[in-house]
Amino acid sequence: TLIYFITPTYPRREQIAELTRLGQTLMHVSRLYWIVADDRPDCSLQIMNLLPDFSIPYTYIASPMPAIYKRDPDAMPRGVSNRRAALNWIRLNHNINDSNAVIYFGDDDNTFHLDLFKEIRTTKKISMFPVGLVGEYGVSSPIIDKGKVVGFFDSWPAKRKFPVDMAGFAINVQLLFKYPYATMPYKAGFEEDRFLSALAIRLDEIEPKAENCTKILVWHTQTAKKPKPIVMVKSKASLPGSLATLL
Ligand code: UGA
Ligand code: MN
């Protein structure tokens with residue numbers, strides 16, 4: 001079974017560092033296909049040059065967020081246009097009759113234990129597992145009773161049916177084809193819940209992973225943004241490309 005690892009990313013000073021770290025994690029995983037979906041109008045030459053370094057099969061997509069969603073920076077649906085583009089790519093390119101695959105959303109700033117990939121690879125329909133460093137509680141996880149998901153532990157329930165983090169579930173690719181119109185909404189905070197609802201997921205069919213959700217194999221880490229350094233350069237154009245992006 002193949003793993004489609006969908007990574008939304010966006011231009012900022014930390015981007016190349018994040019993708020390098022993530023790519024060097026994914027290098028250790030066999031049968032993985034990396035879909036890097038970038039929130040910009042055109043593909044970046046620098047990233048096109050970087051991705052082959054990891055020797056893993058990948059597709060690089062430019063998938064900018066529509067301007068209309070950028071009006072309110074506090075309610076921006078981050079990574080949604082990217083994930084939608086990646087899901088479309090899978091629907092167009094995966095041969096459902098030919099092979100099986102599992103889909104996972106791996107943000108560019110998260111941290112992944114290699115055991116996570118062994119766990120999600122066996123996802124028959126939908127699997128869930130704890131995510132560390134999420135919200136006030138410090139962990140977001142399904143609650144398990146006798147091997148079944150009976151509820152959720154999450155610091156922001158917000159009346160969601162599935163109060164889970166984007167990094168806390170994996171789905172079998174068959175679901176995408178069973179529900180060809182299911183997608184992720186442009187609604188900050190409700191991306192996971194509405195996406196899983198669109199796939200008609202029932203609580204009793206969720207497959208708990210990571211030793212019945214007792215182990216943390218993925219962390220919602222965040223990279224601190226540094227203030228822009230004050231530098232004395234006559235013009236950015238005089239710097240080599242990779243240096244110019246850091247300023
Ligand atoms: C949390 C969730 O884990 C995300 O899945 C969710 O999309 C996001 O909140 C949200 O809805 O705001 P968080 O760590 O707070 O994630 O957000 P980021 O890591 O900044 O963004 C999530 C993903 O979207 C990242 O992979 C990031 O590279 C990408 N992103 C972010 C964009 O593509 N465009 C942006 O303008 C910002
Ligand atoms: Mn993040």
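Order of listing sets the numbers, starting from 1, for every ligand and every atom in it. Reckoned from all heavy atoms, side chains included, excluding hydrogens, waters and symmetry mates.
- Inclusion of Pro8 in the set of residues having an N or O under 3.5 Å from an N or O of ligand 1 is warranted.
- Taking only nitrogen or oxygen atoms, main chain and side chain alike, Asn82 reaches within less than 3.5 Å of ligand 1.
- With a 4.0 Å cut-off on non-hydrogen atoms, Asp165 touches ligand 1 through its side chain and not its backbone.
- Using a cut-off of 2.8 Å, one finds that Asp108 contributes no N/O/S atom close to the Mn ion (ligand 2).
- The option from Met76, Gln222, Glu191, Arg83 that lies nearest to atom 5 (O) of ligand 1, judged by heavy atoms, is Arg83.
- Using a 4.0 Å cut-off between heavy atoms, Asp108 contacts ligand 1 through both its backbone and its side chain.
- With a 6.0 Å cutoff to the six-membered ring centre and a 45° limit on the axis angle, Arg194 counts as a cation-pi contact of Phe190.
- Protein heavy atom in closest approach to atom 21 (O) of ligand 1: Arg78 CB, 3.8 Å.
- In the displayed structure, Lys70 atom NZ is contacted under 6.0 Å by more than 12 heavy atoms of other residues, nucleotides or ligands.
- Looking only at side-chain heavy atoms (C-beta outward), Glu192 and Pro163 stay at 4.5 Å or farther from each other.
- In this structure, the side chains of Phe195 and Ile171 come closer than 4.5 Å at one or more pairs of heavy atoms.
- Asp193 and Lys187 are not joined by a salt bridge, as no carboxylate oxygen comes within less than 4.0 angstrom of a charged side-chain nitrogen.
- Using modelled atom types, one finds a donor on one side chain and an acceptor on the other under 3.5 Å when comparing Gln15 with Asp38.
- Using a 4.0 Å cut-off between heavy atoms, Asp109 contacts ligand 1 through its side chain alone, with no backbone atom that close.
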